[in-house]
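Notes for the one structure printed next.
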Amino acid sequence: METIYPYLLKASGLIALFYLAYYFLLRKETFFTANRFFLLAGLGTAVVLPLFYITKIVWVTPTPLTFPISDLPLQQASPEETFEINWYLTAIAIYIVGSALFFIKFGMDYWSLNRVLYKTKAQQQADFKLIDVQEKIAPFSYFNTIVFNSSLYSPSELQSILEHEKVHSEQHHTIDVLIIRFFSIVFWFNPFIWLYQRAILQNLEFIADSEATKRLNDKKAYQMALVKITTHENCVALTNHFYQSLIKKRIVMLNKNQSKKWNSWKYALILPALIAFVFIFQIKVLAQEKTVTHTTTSKTTTEDIILVIDKNTSDAKLKQEAQLLKDLHGINLKISKVKRNANQEITGIKLQFDDKNGNKGTNQVDSDRPISPITFIKNTDSNGKSSIGFYTGKANPKGKINKRIVLNSSDDEESNFAFSFSDDEDDLTPPDAPSVPDVEDAIDAPDVPDAPNAPKVQIQKRVIVTRSKNGEKPIVYINGKKVDFTMEELNSKLDPNSIERMDVYKGDISIEKYGDDGKNGVIAITTKDGRTEVNVNKIIKRAQADIERSFSERENMQADMERARKEMELSKIEIQKAKIEIEKAKQEIQKAKKEIEKAKTDTQKNQKK
């Protein structure tokens with residue numbers, strides 16, 4: 001529904017554009033038939049053109065950031081509930097009510113028309129049905145049916161009327177009338193649609209007048225018939241009326257000299273306006289991050305994030321993104337089984353894809369909670385072989401953390417080493433930080449189950465360092481002191497919660513600041529308490545406690561299942577006993593029936609004696 005506003009506004013703008021072009025350029029020309037198709041083409045363009053876009057891809061380079069770790073958002077405060085008018089829903093409601101009222105008016109007009117058409121028997125004349133009514137109404141035609149009151153006109157006037165209405169019928173002008181009525185229902189809020197409707201109906205009368213006078217010998221008598229019929233103002237809706245209020249304009253157009261053919265160039269003036277409309281409103285800019293290339297000792301891999309779906313992605317956005325995947329990457333993505341909660345957040349979705357390289361895959365989520373972000377990534381190795389897959393949440397299927405923060409790059413190239421923090425519940429990546437894919441050196445995230453009913457707190461953070469271009473690790477400085485830590489030592493001795501700030505230097509800036517130590521890059525860490533080593537036993541103990549709690553709950557579940565199994569066995573025994581009792585009761589009933597029959601027989605014998 002969020003796309004209906006721009007669509008209606010764009011379509012209304014095109015309707016206004018075509019009307020203004022007709023009014024200022026074509027209204028006084030005698031190209032009546034060409035004007036008819038110009039006006040109809042305007043309505044068709046207004047419907048179709050806003051649906052098509054020209055996609056423009058803009059490649060952007062991820063911008064490195066420098067910021068203190070303490071500024072990272074750990075949680076979002078719940079906004080205070082305040083009463084606000086939802087203007088979007090209010091406008092939608094007003095639009096629907098207005099359209100419904102105009103549709104009811106259309107239904108009433110159609111009912112009134114049918115009363116006239118089926119009240120009197122029609123007479124067939126060639127391809128037309130003629131209905132001579134007694135009511136004092138203006139003559140009109142509806143498809144191939146012509147309605148008139150012959151008692152109101154002389155034979156010559158009646159001939160003029162019939163010729164006029166036959167032109168309407170032969171050229172199917174009723175279709176034009178119904179089309180513009182439909183547009184009036186949909187775009188009732190646009191004042192130009194009512195002017196557009198008047199222009200179409202008026203031009204249809206010009207066409208009928210022009211063609212009818214060619215078939216009649218006396219043009220003056222035809223014009224006198226027009227004037228006479230102005231006294232009959234009772235017109236039936238949804239029809240082509242012989243009488244229109246603009247009689248003076250019709251007579252003027254009848255006597256006007258034919259427009260010169262070279263004036264038809266005016267129709268082409270609408271094309272520059274349409275092209276301008278497309279370039280202003282129908283170009284969709286798609287920002288794509290430059291492909292990040294990371295080098296290891298054996299291969300080069302590129303990763304493109306081509307689609308991200310989160311809990312707030314709308315149905316229209318899902319459809320739009322699927323079309324972009326097909327247009328830009330040749331990937332057919334089928335989205336189905338979309339389930340939402342009361343807040344319109346996605347809780348279930350099924351994604352299936354295939355491409356021209358034979359890659360196929362399926363990802364399905366179905367739960368009562370909002371989904372974690374689903375990332376659709378295309379990997380291409382140095383041999384040009386590509387693979388496509390879904391990453392769900394904050395860790396990829398290999399268990400490696402894939403959320404990265406690139407800090408303090410000294411040039412515009414992609415960063416060749418980075419720090420990363422992750423946790424299992426809250427995404428600590430700031431909104432503007434670029435995503436950097438996994439590398440071979442990433443530390444595997446531990447597979448620790450979540451404790452039930454545990455608060456959403458940070459479980460574990462890790463520092464991940466990638467290699468520089470020459471394969472060497474950057475030097476690490478902690479509180480201005482150079483340290484020689486391996487990856488394992490860095491993660492075991494340094495608690496990320498104690499970090500106040502991190503800065504990453506490379507290139508000329510790194511060498512200028514740290515000399516030879518900076519040739520492979522420098523990672524400068526500032527801690528809150530100035531220490532370089534901290535105890536991580538608390539983190540390990542908490543993880544162990546979570547694991548033990550999980551095992552304990554599993555044992556309790558198994559005990560409950562065993563108890564339920566025993567109760568089921570007892571129930572089966574009770575059911576078997578009940579079946580035996582029922583059989584005994586049936587036997588007792590049969591015995592009682594036999595005794596009753598015997599008693600009846602004895603009674604009958606005694607009565608005979």
Side-chain angles (χ1 to χ4, degrees), residues 101-182 184-185 197-198 200-251 253-254:
L101 292 176
F102 282 102
F103 185 79
I104 292 172
K105 177 64 167 56
F106 175 85
M108 295 173 63
D109 291 342
Y110 185 76
W111 177 77
S112 176
L113 170 64
N114 277 273
R115 283 185 58 191
V116 176
L117 294 180
Y118 297 105
K119 185 176 181 181
T120 306
K121 187 177 180 181
Q123 296 179 354
Q124 191 73 33
Q125 186 183 96
D127 295 331
F128 307 100
K129 293 180 180 179
L130 305 181
I131 299 179
D132 191 355
V133 296
Q134 301 299 320
E135 292 86 351
K136 189 178 181 181
I137 59 175
F140 67 86
S141 62
Y142 182 75
F143 290 104
N144 65 335
T145 302
I146 300 174
V147 179
F148 56 93
N149 186 342
S150 60
S151 63
L152 301 176
Y153 313 106
S154 65
S156 60
E157 292 171 343
L158 186 60
Q159 183 184 3
S160 298
I161 291 172
L162 292 179
E163 290 299 332
H164 177 96
E165 297 303 333
K166 284 179 182 179
V167 174
H168 282 311
S169 180
E170 290 170 349
Q171 297 192 11
H172 309 290
H173 290 176
T174 303
I175 296 177
D176 300 43
V177 176
L178 294 177
I179 289 175
I180 190 58
R181 279 299 296 267
F182 171 77
S184 300
I185 294 173
Q197 175 176 298
R198 183 179 182 183
I200 285 181
L201 298 179
Q202 178 181 310
N203 187 68
L204 293 179
E205 294 304 318
F206 291 161
I207 294 173
D209 289 340
S210 177
E211 293 296 323
T213 53
K214 292 177 182 179
R215 303 176 185 183
L216 299 170
N217 296 324
D218 192 349
K219 181 185 291 188
K220 185 176 179 180
Y222 181 84
Q223 296 177 45
M224 294 300 297
L226 285 180
V227 175
K228 179 178 180 180
I229 298 172
T230 57
T231 58
H232 308 304
E233 299 183 358
N234 185 15
C235 301
V236 179
L238 301 181
T239 60
N240 299 289
H241 308 296
F242 186 85
Y243 162 71
Q244 290 285 328
S245 60
L246 302 175
I247 292 297
K248 180 180 178 180
K249 289 186 178 181
R250 291 172 62 182
I251 294 175
M253 296 303 289
L254 272 175

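Below, all heavy atoms of this structure are taken into account, side chains as well, without hydrogens, waters or symmetry copies. These figures come from a predicted structure and were not determined experimentally. The first residue of the sequence shown is numbered 1, and numbering continues consecutively from there.
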| Below 4.5 Å, heavy atoms only, C-beta onward: do Met108 and Ile104 meet side chain to side chain? | yes

| query | Hey, are the side chains of Leu254 and Tyr222 touching, using non-hydrogen atoms and a 4.5 Å cut-off? | reply | yes

| field | Reported NE2-to-CD distance for the pair His173 and Glu205, which is rounded to 0.5 angstrom | value | 9.0 Å

| request: Side-chain contact test, heavy atoms from C-beta onward, threshold under 4.5 Å: evaluate it for Tyr142 versus Val147 and give yes or no. | output: no

| query | Around Lys129, counting heavy atoms of other residues, nucleotides and ligands shown, do more than 12 lie under 6.0 Å from its NZ? | reply | no

| Is a donor on one side and an acceptor on the other found under 3.5 Å between the side chain of Gln124 and the backbone of Ala126? | yes

| field | Working for side chain to side chain contact (heavy atoms under 4.5 Å, CB included), residues Glu211 and Glu170 | value | CA-CA 11 Å; Glu211 293 296 323; Glu170 290 170 349; over 6 Å; no

| request: Using the test side-chain hydrogen bond (donor to acceptor under 3.5 Å, both in side chains), find all partners of Lys105 that sit at least two apart in sequence or belong to another chain. | output: Asp109

| Distance-minimising heavy-atom pair for Ala208 and Val167 | CA-CG1, 3.7 Å

| field | Sidechain-backbone polar pair: Asn144 side chain, Phe128 backbone, donor-acceptor under 3.5 Å | value | no

| request: Search all heavy atoms of Ile251 against all heavy atoms of Leu226 and return the closest pair with its distance. | output: CG1-CD1, 4.1 Å

| note | Heavy-atom nearest pair, Phe143 first then Thr174, reads N-OG1, 2.8 Å

| Partners of Ser112 by side-chain hydrogen bond (donor to acceptor under 3.5 Å, both in side chains), sequence neighbours excluded? | none

| request: Answer yes or no: is there a side-chain heavy-atom contact under 4.5 Å between Asp132 and Thr120? | output: no

| From CG (Leu178) to NE2 (His172), nearest 0.5 Å | 13.0 Å

| field | Within residues 111-120 or reaching into it, pairs that qualify as salt bridge (charged side-chain N to carboxylate O under 4.0 Å, His left out) - sequence neighbours excluded | value | Lys119-Glu135

| field | Evaluation steps, side chain to side chain contact (heavy atoms under 4.5 Å, CB included), between Val177 and Leu204 | value | CA-CA 9 Å; Val177 176; Leu204 293 179; 4.1 Å; yes

| query | Which heavy atom of Ile161 sits nearest a heavy atom of Pro139, and at what distance? | reply | CG2-CB, 3.5 Å

| query | What residues, two or more places apart in sequence or in another chain, satisfy side-chain hydrogen bond (donor to acceptor under 3.5 Å, both in side chains) together with Ser156? | reply | Ser154

| request: Measure the CZ-CZ distance between Phe103 and Phe182 for me, rounded to the nearest 0.5 Å. | output: 9.5 Å

| Of all heavy-atom pairs between Ile137 and Tyr153, which one has the smallest distance, and what is that distance? | O-OH, 4.2 Å

| request: Kindly write out the residues that satisfy side-chain contact (heavy atoms from CB on, under 4.5 Å) with Lys220, not counting sequence neighbours, or none if the list is empty. | output: Asp218

| Roughly how far, to the nearest 0.5 Å, is the CZ atom of Phe102 from the CD1 atom of Ile185? | 9.0 Å

| field | Reported CD-to-CG distance for the pair Glu163 and Leu216, which is rounded to 0.5 angstrom | value | 5.5 Å

| Pick from Lys214, His164, Lys219: which one makes a side chain to side chain contact (heavy atoms under 4.5 Å, CB included) with Asp209? | His164

| Residues in side-chain hydrogen bond (donor to acceptor under 3.5 Å, both in side chains) with Ser184, at least two apart? | Gln197

| note | Interatomic distance, OG@Ser210 vs CZ@Arg215, rounded to 0.5 Å, equals 10.5 Å

| request: Mind listing the closest non-hydrogen atom pair of His168 and Ser141 along with its distance? | output: CB-OG, 3.3 Å

